[in-house]
2 protein chains.
Amino acid sequence: MVKNTVKLRYLVLGLLKEKALTGYDIKVFLESFSWLIGSPSYGSLYPALHALRDDKLVTQEMESSRKIYRITSAGQQELREWADQPLTQETSLKTFLMHLILSANYSREGLTAYLQHRQSQIEAQRENLQQLLQDVESGSREPLALAYGLFMATQELQWLENVLAEPREM
Amino acid sequence: MVKNTVKLRYLVLGLLKEKALTGYDIKVFLESFSWLIGSPSYGSLYPALHALRDDKLVTQEMESSRKIYRITSAGQQELREWADQPLTQETSLKTFLMHLILSANYSREGLTAYLQHRQSQIEAQRENLQQLLQDVESGSREPLALAYGLFMATQELQWLENVLAEPREM
DNA sequence: GATTGCATGTAAGGGGTTACATGATTTT
DNA sequence: AAAATCATGTAACCCCTTACATGCAATC
């Protein structure tokens with residue numbers, strides 16, 4: 001039975017927009033980010049490709065015993081519609097990085113808006129973490145996790161500031 | 001029907017080891033890290049607490065219309081066994097942060113080993129990202145995601161180095 | 001010619017989210 | 001007394017992982 005695999009669906013579609021790839025290629029590329037967001041298993045990746053093929057959003061061709069997938073115009077259409085969606089509150093790092101991977105599908109304005117949305121969200125959470133860290137002081141809490149969160153929040157804000165300041169980098 | 005919710009199970013158990021909490025308290029605390037790893041929904045959190053209670057790993061008491069959960073000695077035992085497990089390859093940021101939150105359950109040696117494991121993993125992936133970024137140069141790839149990954153990898157390595165250099169911080 | 005890496009796939013089951021529901025307590 | 005926040009819960013459904021399985025291609 002063909003399932004939706006919604007998140008992966010658009011990630012895969014976005015990668016195929018850049019370049020025709022095999023399932024294996026996609027897996028290898030996404031492995032580069034596994035320390036951040038993990039990497040999808042073949043058990044989800046291949047079914048996702050089959051579903052995209054069945055929905056005519058990608059084509060599948062054999063080439064020296066490898067299956068090359070190419071995005072169709074219908075696929076590009078669907079990807080555009082997906083990218084145009086209003087952004088939700090939820091922006092875990094995983095979701096955020098996924099959007100960065102698909103950033104080629106955004107207009108510069110859309111991308112800027114997205115980055116700013118992320119920025120304000122992290123700013124708020126950073127203050128919250130700072131407060132929590134002060135509350136524990138010499139307490140028995142989990143200061144390592146709080147310290148890590150605070151550090152990474154600060155660094156990501158730095159990165160966002162740099163990227164937003166230099167639009168040509170986008 | 002009571003399901004297992006394995007990952008959450010130990011996260012919750014670890015938080016309860018520090019302090020008696022309600023489901024709501026746990027949710028609010030984990031929300032502090034939502035920009036990094038998301039936050040579990042109540043639809044998974046409450047069933048996880050019920051399962052822990054049914055397994056006698058936590059106790060449940062009413063207190064002014066709130067349900068306070070406390071870890072039992074059986075729960076502490078199970079948590080220790082879980083923390084003693086050999087580490088797997090998989091170390092997404094989510095898994096890593098989860099371990100940091102539970103760091104109070106590790107011996108200093110165990111924690112050091114875990115941090116070093118993470119360190120060597122990120123070092124390898126950082127080199128890989130660097131290579132990928134060079135390969136694209138002026139190409140049509142997803143340089144924003146690669147740049148983000150590389151930046152965050154570098155920063156996390158910095159953090160790990162600092163923490164490992166100052167054991168009293170742990 | 002055997003081992004390792006490339007490459008693709010399926011079935012069962014697990015762990016989670018979404019959407020829906022409810023009520024108590026505090027604040028305006 | 002209305003609105004917002006605190007607080008808990010369930011059921012359906014979804015997406016993904018795990019474990020298993022296969023075969024070709026390249027290298028030793």
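Letters A, B, ... mirror the listed sequences (proteins, then strands); counts begin at 1.
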Problem set entry | Salt-bridge present (D25(A), K67(A); N to O < 4.0 Å) | no
Just N and O in the side chain of Y46(B): are any of them under 4.0 Å from OP1 or OP2 of dG9(D)? no
Taking dT17(D), dG16(C), dT8(C) as options, the one with an atom nearest any side-chain atom of L8(B) is dG16(C)
L45(B) CG to dG9(D) C1', in whole Å, measures 11 Å
Note: contacts of residues 58-68 of chain B with DNA chain D (heavy atom, under 4.0 Å) are R66(B), K67(B)
- Query: Checking T112(A) side chain against R108(A) main chain: does a donor-acceptor pair fall under 3.5 Å?
  - Reply: yes
Between the CG atom in L100(A) and the CZ atom in F33(A), the distance rounded to the nearest 0.5 Å is 8.5 Å
Distance only, no hydrogens: is a donor on one side chain within 3.5 Å (strictly under) of an acceptor on the other, for Q125(B) and S32(A)? no
Side-chain atoms of S41(A) come closest, of dT10(C), dT8(D), dT18(D), to dT18(D)
Between OH of Y42(A) and C1' of dT17(D) the distance, given in whole Å, is 14 Å
Those residues at least two apart in sequence (or on a different chain) that pass salt bridge (charged side-chain N to carboxylate O under 4.0 Å, His left out) with E81(A) are none
Rounded to whole Å, the OH-P distance (Y24(A) to dA26(D)) equals 13 Å
From NZ of K7(A) across to C1' of dG15(C) the rounded distance in Å is 13 Å
Any base atoms under 4.0 Å from G23(B), or only sugar-phosphate, or nothing? Heavy atoms, all strands.
sugar-phosphate
When rounded to whole Å, the CG to P distance for the pair L30(A) and dA7(C) reads 16 Å
Does the plane of the ring in W159(B) sit parallel, tilted or perpendicular to the ring in Y148(A)? Use 30° and 60° as the thresholds.
perpendicular
Below 4.0 angstrom from OP1 or OP2 of dT10(D), is there any side-chain N or O of H50(B)?
yes
For residues 57-64 of chain B, run the donor-acceptor check on the side chains, cut-off 3.5 Å, and write out each pair with its distance to 0.1 Å, sequence neighbours left out.
{"from": "Q60(B)", "atom 1": "NE2", "to": "Y69(B)", "atom 2": "OH", "distance (Å)": "2.7"}
{"from": "E61(B)", "atom 1": "OE2", "to": "R70(B)", "atom 2": "NE", "distance (Å)": "2.9"}

From CZ of R9(A) across to P of dC16(D) the rounded distance in Å is 11 Å
From NZ of K27(B) across to C1' of dT8(D) the rounded distance in Å is 13 Å
Here the distance between atom C1' of dG15(C) and atom NZ of K94(B), to the nearest Å, is 10 Å
